[in-house]
There are 2 protein chains.
Amino acid sequence: MTRPLKVPAKAGYHHANLRRALLDAAINHLRDAPVATLTVKQLARDAKVSPGAPYHHFKDRQELLAALATEGFERWIASASTVAAAPETPSNKLANLARAWLAFAAEHTPHYRVMFLSELADRQRFATMHAAAAQALELLVGVLREAMPDAADGRRAERAVIAWSTLHGFASLRMNGVLGNIPGVPELEALEDAAAASMARLVLDAADS
Amino acid sequence: MTRPLKVPAKAGYHHANLRRALLDAAINHLRDAPVATLTVKQLARDAKVSPGAPYHHFKDRQELLAALATEGFERWIASASTVAAAPETPSNKLANLARAWLAFAAEHTPHYRVMFLSELADRQRFATMHAAAAQALELLVGVLREAMPDAADGRRAERAVIAWSTLHGFASLRMNGVLGNIPGVPELEALEDAAAASMARLVLDAADS
DNA sequence: CGAGCAATCTGAGCGACTCTTAGATCGGTG
DNA sequence: CACCGATCTAAGAGTCGCTCAGATTGCTCG
């Protein structure tokens, strides 16, 4: 159970655990507001500390966002591991994993908002975050490995990226409100099922091609 | 050929066409920098006007971004229309459309960066942009309509969203540098083909299920 | 147990940014 | 050619990111 990345020593201080309080304030804010509106100063106000206090826990605003993203990847890995370890057929497992991803994006919108931010693309500066992201992909590849054991490694990785793209693309479009009430488009729930089903097909096709 | 949304009267003035100059400066900036780093003040400096001048052409920063996004959708619709009108089998047409999308995202990265921004999710405030976005989806649905003429309308729209998700997800992950040098993952070009192929399969499956 | 250290927080402040407003300046129209 | 409206400038109010000197606190270790 790897939940928080690092609990600072023994928790207590003036403000018990400011680092966590800031992250929680950020999560709360991002529930229904885009990342651009998130302000370090406001987080400090929420936590009832001075405007400079956050900078003792995060080098700058980007590192705070990166910490939140890392937490998001870790939580996803934790819940996805459960799905991956379930006694199911590889095909069902894959569909469940797809549904789990979309559910995660819906329930943890605040985290999801920062998990693929182009401001955090720097691999060296945000190494720990990218390590967690790579682990998340690795988990997806692992399930695909089970589902199509006869395919070549390259093809498996290729399918993993395509599948990831579908899930992320759908979650992203939905989160950004692009899919809202487009005439003729089915309910979003049905779309979740369709996305999951298309992932399963993605793998079945690979076995015999 | 609907290229710019609205040419201000007759072009000329002090600064010939500041509106266009600002958009071009924005495009230039976004070529290799995330949206968060884009500054109205800097655009004004680039265009050699005072910091307040841009606000006579755009109500605020968001409307400038929305104008850029609208332009992006319009350009995409223009180039996609060509693909959709080509004399090809529906299946090939679909694959070409998929490749065209990914090529568009790669070549027009600056526009693509703002085309699905959550800051611009408000449908009323950015009505013209969302209208253009809806038209883009409509075009995709149109090609799908040809490709699976026997399927129900709901199913077609469903496949359109899934296909769109795959394309947007892949373009987005690539643009944000998430796919860069992950070990075991094939070259990005091969992935483009795989994405296009998966789109074609998406439709073929729908015909007989 | 107590002195010192390191981590944490405050408060003030610098530079930059968004957006507003009053007024100058220009282009086109009647 | 006088005027009007569109465009631009200059200045400024309010906010934000981030820094820094100094105060405060918990922890460690002699």
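The figures that follow rest on heavy atoms only: side chains count, while hydrogens, waters and symmetry mates do not. Below, read A as the first sequence line, B as the second, and so on, with proteins coming before strands; counting in each chain starts at 1.
Between A:Leu18 atom CG and D:dT25 atom C1' the separation is 14 Å, expressed in whole Å. Taking atom NE2 of residue B:His29 and atom P of nucleotide C:dC17, one finds them 11 Å apart after rounding to whole Å. As rounded to whole Å, 15 Å separates atom P of D:dT25 from atom NE2 of A:His56. What separates NE2 of B:His57 from C1' of C:dC19 is a distance of 16 Å, to the nearest Å. A straight line from CZ of A:Arg20 to C1' of C:dT8 spans 18 Å, rounded to a whole angstrom.
Using cut-offs of 30° and 60° on the angle between ring planes, the pair B:His168 and B:Tyr112 is tilted. Ring geometry for B:His108 against B:His111 counts as tilted: the plane angle lies between 30° and 60°, on a 0 to 90° scale. Taking the six-membered ring where tryptophan is involved, the planes of A:Phe116 and A:Trp164 are perpendicular, since the angle between them exceeds 60° and thus also 30°.
Helix-axis bend for the helix from C:dC1-D:dG30 to C:dG30-D:dC1: the local axis fitted to the five terminal pairs at one end deviates from that at the other end by 0°, rounded to 10°.
Closest approach of B:Pro34 and B:Arg113 over heavy atoms only: CA-NH1, 4.1 Å. Heavy atoms only, all atoms of each residue included: B:Gly177 and A:Arg123 are closest at O-NH1, 2.9 Å.
Near DNA chain C, meaning a heavy atom under 4.0 Å away, the residues from residues 58-66 of chain B are B:Asp60, B:Arg61. For DNA chain C, the residues of residues 44-55 of chain A within the heavy-atom distance limit of 4.0 Å (strictly under) are A:Val49, A:Ser50, A:Gly52, A:Ala53, sorted by number. In the region residues 35-43 of chain A, proximity to DNA chain C at under 4.0 angstrom, judged on heavy atoms, holds for none of the residues.
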(request) Give the intermediate values and the outcome of side chain to side chain contact (heavy atoms under 4.5 Å, CB included) for residues A:Leu120 and A:Arg125. (result) CA-CA 8 Å; A:Leu120 308 179; A:Arg125 187 153 151 56; over 6 Å; no
(message) Show, in sequence, the C-alpha distance, side-chain angles and deciding distance for B:Trp101 and B:Leu140, and conclude whether the side chain to side chain contact (heavy atoms under 4.5 Å, CB included) test is met.
(response) CA-CA 10 Å; B:Trp101 179 280; B:Leu140 188 57; over 6 Å; no
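Looking at B:Glu146 and B:Lys93, a side-chain N of the basic residue comes within less than 4.0 Å of a carboxylate O on the acidic one, giving a salt bridge. One finds a salt bridge joining A:Glu192 and A:Arg174 here, because a Lys/Arg side-chain nitrogen approaches an Asp/Glu carboxylate oxygen to under 4.0 Å. A salt bridge does not link B:Arg99 to B:Glu189: none of the charged side-chain nitrogens sits closer than 4.0 Å to a carboxylate oxygen.
Taking 4.5 Å as the limit, every side-chain heavy atom of B:Gln62 sits out of range of all side-chain heavy atoms of B:Asp122.
With sequence neighbours excluded, the residues that form a side chain to side chain contact (heavy atoms under 4.5 Å, CB included) with A:Ala80 are A:Trp76, A:Leu97, A:Leu139.
Each ring pair (Phe, Tyr, Trp, His ring centres under 6.0 Å) pair with one or both residues in residues 127-147 of chain B, not counting sequence neighbours, would appear here, but there are none.
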